Amino acid sequence: MLSWKNRFLLALAASLVFAAFHDTAAQAAEKGLADKGEVLVRQNCSRCHAIGKEGQSPHPPAPPFRTLGQRYPIDDLSESLAEGIVSGHPDMPIFVFSPTDVEAIIQYLKSIQEN
């Protein structure tokens, strides 16, 4: 039979393993979401915008996505992505994304912002 001290240490170790697994799983899910966001912006936006951490936009007036955080809080873009982004530029199409896709795009945009 285990002493109270050994039971305590065993419970503590199990809690630490659970916490480490939970954090790793959350980080993996977030990384997966950002990866999905990257695919979405590559498919829908890369024709005009630089979508990575470096490079120039193929359409010079289109801002690189890595600089959007200098103009807007990235989370504030969620509503526009869900309801349809309308810009002052006539050559930009209107995009409407599902809530899951919006979350993925926001996670990706946050991951590439310049400091």
Side-chain angles (χ1 to χ4, degrees):
M1 180 173 226
L2 294 174
S3 70
W4 70 270
K5 193 176 195 179
N6 287 339
R7 283 186 294 208
F8 172 77
L9 291 174
L10 185 60
L12 180 62
S15 296
L16 291 173
V17 168
F18 175 77
F21 174 76
H22 182 267
D23 287 346
T24 302
Q27 289 170 349
E30 188 171 303
K31 174 67 173 148
L33 202 55
D35 287 345
K36 179 181 179 182
E38 181 178 11
V39 169
L40 288 166
V41 298
R42 186 171 311 287
Q43 290 172 344
N44 293 286
C45 312
S46 65
R47 179 173 57 98
C48 296
H49 294 272
I51 62 164
K53 291 185 177 185
E54 52 188 42
Q56 299 300 312
S57 292
H59 184 59
F65 281 179
R66 69 182 170 277
T67 65
L68 291 178
Q70 297 168 7
R71 297 176 182 191
Y72 318 97
I74 296 299
D75 286 321
D76 288 359
L77 297 172
S78 295
E79 187 176 339
S80 295
L81 289 166
E83 294 180 1
I85 291 182
V86 179
S87 74
H89 303 287
D91 57 341
M92 182 168 162
I94 297 174
F95 294 101
V96 179
F97 295 97
S98 73
T100 303
D101 289 349
V102 168
E103 186 178 355
I105 292 168
I106 294 298
Q107 288 302 317
Y108 176 69
L109 292 175
K110 285 180 176 180
S111 76
I112 63 167
Q113 293 309 293
E114 292 179 344
N115 292 331

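Hydrogens, waters and symmetry mates play no part in the numbers below; they use all other heavy atoms, side chains included. Model, not experiment: these values are computed from the prediction.
- The distance from the CZ atom of Arg71 to the CG atom of Asp76 is 15.0 Å, given to the nearest 0.5 Å.
- Of all heavy-atom pairs spanning Ser57 and Ala50, the tightest one is OG-N, 3.0 Å.
- Linking ILVMFWY residues whenever their side-chain heavy atoms come closer than 4.5 Å, directly or via other members, places Tyr72 and Phe65 in the same cluster.
- Here the side chains of Pro64 and Gln56 are not in contact, with every heavy-atom distance at 4.5 Å or above.
- Here the closest heavy-atom approach between residue Pro58 and residue Ser46 is recorded as CG-O, 3.5 Å.
- Shown here is Glu79, whose CD atom has no more than 12 heavy atoms of other residues, nucleotides or ligands within 6.0 Å.
- Counting all heavy atoms, side chain and backbone alike, Arg66 lies closest to Ile112 at CB-O, 3.2 Å.
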Residues Tyr108, Leu40; criterion side-chain contact (heavy atoms from CB on, under 4.5 Å); working and verdict: CA-CA 10 Å; Tyr108 176 69; Leu40 288 166; over 6 Å; no

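- In this structure, Asp101 and Lys36 have side chains that are in contact, with non-hydrogen atoms separated by less than 4.5 Å.
- Ala82 approaches Val102 most closely through the heavy-atom pair N-CG2, 3.7 Å.
- The CD atom of Glu38 lies 12.5 Å from the CG atom of Leu33; values are rounded to the nearest 0.5 Å.
- Of the inter-residue distances, the one linking Ile51 atom CD1 with Cys45 atom SG reads 7.5 Å to the nearest 0.5 angstrom.
- Atom NZ of Lys110 is separated from atom CD1 of Ile105 by 13.5 Å, given to the nearest 0.5 angstrom.
- The two residues Gln113 and Leu68 come nearest to each other via the heavy atoms OE1-N, 3.4 Å.
- Taken to the nearest 0.5 Å, the CG atom of Asn44 stands 10.5 Å off from the CG atom of Leu81.
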